[in-house]
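Computed from a predicted model, the values in this text were never measured in an experiment. Within every chain, numbering begins at 1; the chains are lettered A, B, ... in the order of the sequence lines, protein sequences first and strands thereafter.
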Amino acid sequence: MTDPAPRSRSARFAFFPLGDRALVIELGARVSEALAAQARRLSERLARAQVAGVREVIPAFSSITVHYEPLRVKQAADPEDAGSAPFELLQVRLQALLEADQEDAGAAGALLEVPVCYGGDYGEDLDVLALAHEMAPSKVVELHTHPIYYVGMLGFMPGFPYLVGLDARLVTPRRATPRPQVARGSVAIGGEHTGVYPLDSPGGWHVIGRTPLGLFDPRRQPPSLLQAGDRVRFVAISPERYQQLLAT
Amino acid sequence: MALKVLRAGILSTIQDLGRWGYQRFGVPVNGVMDEVSHRLANILVGNDEHAATLEMTLVGPGFTLNTDTLLAVCGGDFEARVNGEPLPKARPVLVRAGSALDFGPCRRGCRAYLAVAGGFEVESVLDSRSTFLRGGFGGWQGRALRRGDMLPTRHADPALYPSLHRKLREQRTPMSFPTWSATERVEVLMPGPYLLRFVRGRQWTRFPEESRELFLSSEYRIGSNSDRQAYRLMGPLLLPREPIEVISAGVTFGTIQVPPDGEPIVLMASRQTTGGYPRLGEVASVDLPLLAQLPAGARVRCQAVELAVAQTLLLEREREMARMREALAMRTST
């Protein structure tokens, strides 16, 4: 027994405090597409319920984080529960929502095709990465465009998707020294994940290509093209097509 | 109505209570480091607590004001002058048009909040006026203030503090202010060590017992590479013999992570939305304003408290803020 006992365990949902203004609901202890889909579906359900005091609900690989305002949770509670801590009050409320036998319409992840110009100036690490794995660069592209990935979570920076489903032959440890500047749109491999940099940023992943798609725009609603639980397929395009798409 | 920036200071950014609602898209919350000082400054000038203030860091900015401006400064103790005269802190001050408002180095703490009546006139992006420096949006043009900027302010209610307006008309002084001030809890006077209470987290017991005991019994210093994103705790390293594997998930203000180098890191206002390092726990919310005021080198000790204790402390603080808000609201008509 290495883990602490959760504050409460129902059949599937374990609640843990994340400090005094947030909590984590763990759905499982591994990374899987089913858990990511469940995190997405249930977090949308919790958000839709607009529980008093809940600030926001965030799905990740195998968990849901809920940020809340303890004072508002307390104020919204029944007078008979006045002795309970806000965490306990909220947990009871969220537990009931999670366990409710209901359909979650429209919460399935979308499939997005992401055009990528691989190699050359667009993916400066492609050749090195191919060399490291003793395969031709074209083989890297073939292996990278083959799977349908799913978004485990968004993090690191706005709109950055941690994509799961990378072919085991492409798994590559992150660069020892991060690059000070990785261009917006860069498609990269880091460990067992692949992802896309939505903004210019420092970064430690191996850049193998670039997409003309704008993954994040604060003036758009929602600001991110992708959400946790969505699915992605990469499609190889030529530099000409890249420039063409960028102009549109 | 604007503040003309003559000197920018080290890091002067527009912040509010944070960009909530977009972490699922990877958008950091940002917002003020010291929530209590920000809220108090807003209350003093009759603003909603969510209104944007200017957060200054270590060395403050210098301005000229092109209109009579009701303002308040709370938080760290910066040297501050209006046309060379000391600017009193933690109270409403009506400053005459044309005056120079000059902030110098911080003598105690490290951040202060300048609120102007009506608030700063900056665009709300994704429901917040907080500056997101790395993302380059929000606040004043998505960046820190620079020399030459004209920082616009919104229309202020002219009925606030009639006695200050009367005094300013009758006197030749560059500012008028009341004799009272709001009580501030600037604890950053003592040499330390300061007590940081924290709630043990999900992975607490996955750290070996000797790491946990070391963390609880040791004194740490705030690292010099600490900033709005994270505070580094310099002291005994926590190096479990076997790496603790965790699945990346959401983090929050005050999350204490331990990366592979063993040096604990407390995530602060500009933290990323998720983290993949094992966590010891989260600093109690009531202790975050203090932590935000601790400069590099300050000594801290961490003490584990039960969640119910941390929440009770937070509820007490909110009741205290509500009492203060009520008392100060009555004074705005005097």
query: Hey, is CD on A/Q181 packed in by over 12 heavy atoms from elsewhere, all under 6.0 Å?
result: yes
(message) Tell me whether the count of non-hydrogen atoms from other residues, nucleotides or ligands lying under 6.0 Å of CD in B/Q141 goes above 12.
(response) yes
For residues 50-79 of chain A against chain B, heavy atoms under 4.5 Å, the residues are A/R55, A/E56, A/V57, A/I58, A/P59, A/A60, A/F61, A/S62, A/S63, A/T65, A/H67, A/Y68, A/P70, A/L71, A/K74
Is [X] close to chain B through its backbone or its side chain, or both, or neither, when contacts mean heavy atoms under 4.5 Å?
{"X": "A/V24", "result": "neither"}
{"X": "A/A29", "result": "backbone"}
{"X": "A/R219", "result": "side chain"}
{"X": "A/M153", "result": "side chain"}

Does [X] reach the side chain of [Y], with side-chain heavy atoms less than 4.5 Å apart?
{"X": "B/Q23", "Y": "A/L154", "result": "no"}
{"X": "A/P86", "Y": "B/L314", "result": "no"}
{"X": "A/Y162", "Y": "B/S248", "result": "no"}
{"X": "A/P218", "Y": "B/F132", "result": "no"}

One option among A/P223, A/A22, A/S84 has the most heavy-atom pairs under 4.5 Å with chain B, and it is A/P223
Those residues of residues 317-325 of chain B that come under 4.5 Å of chain A on a heavy-atom basis, listed by number, are B/R317, B/E318
For [X], which atoms come within 4.5 Å of any heavy atom of chain A: side chain, backbone, both, or neither?
{"X": "B/V251", "value": "backbone"}
{"X": "B/E316", "value": "neither"}
{"X": "B/R271", "value": "neither"}
{"X": "B/V125", "value": "side chain"}

Separation between [atom1] of [X] and [atom2] of [Y], rounded to the nearest 0.5 Å:
{"X": "B/Q272", "Y": "A/F160", "atom1": "CD", "atom2": "CZ", "result": "10.0 Å"}
{"X": "B/L288", "Y": "A/D20", "atom1": "CG", "atom2": "CG", "result": "8.0 Å"}
{"X": "B/F253", "Y": "A/R21", "atom1": "CZ", "atom2": "CZ", "result": "8.0 Å"}
{"X": "A/L23", "Y": "B/L307", "atom1": "CG", "atom2": "CG", "result": "9.5 Å"}
{"X": "A/F216", "Y": "B/Y22", "atom1": "CZ", "atom2": "OH", "result": "9.5 Å"}
{"X": "A/Q221", "Y": "B/L126", "atom1": "CD", "atom2": "CG", "result": "6.5 Å"}

Does the cation-pi check pass for B/R134 over A/F156, that is, NZ or CZ under 6.0 Å from the six-membered ring centre and within 45° of its axis? yes
Correct closest heavy-atom pair for A/G155 and B/T273 would be CA-OG1, 3.7 Å
Checked B/T255, B/I247, B/T312 vs chain A; the most non-hydrogen pairs under 4.5 Å come from B/I247
Is the backbone of A/L18 close enough, under 3.5 Å, to the side chain of B/E282 for a donor and an acceptor to pair up by distance? no
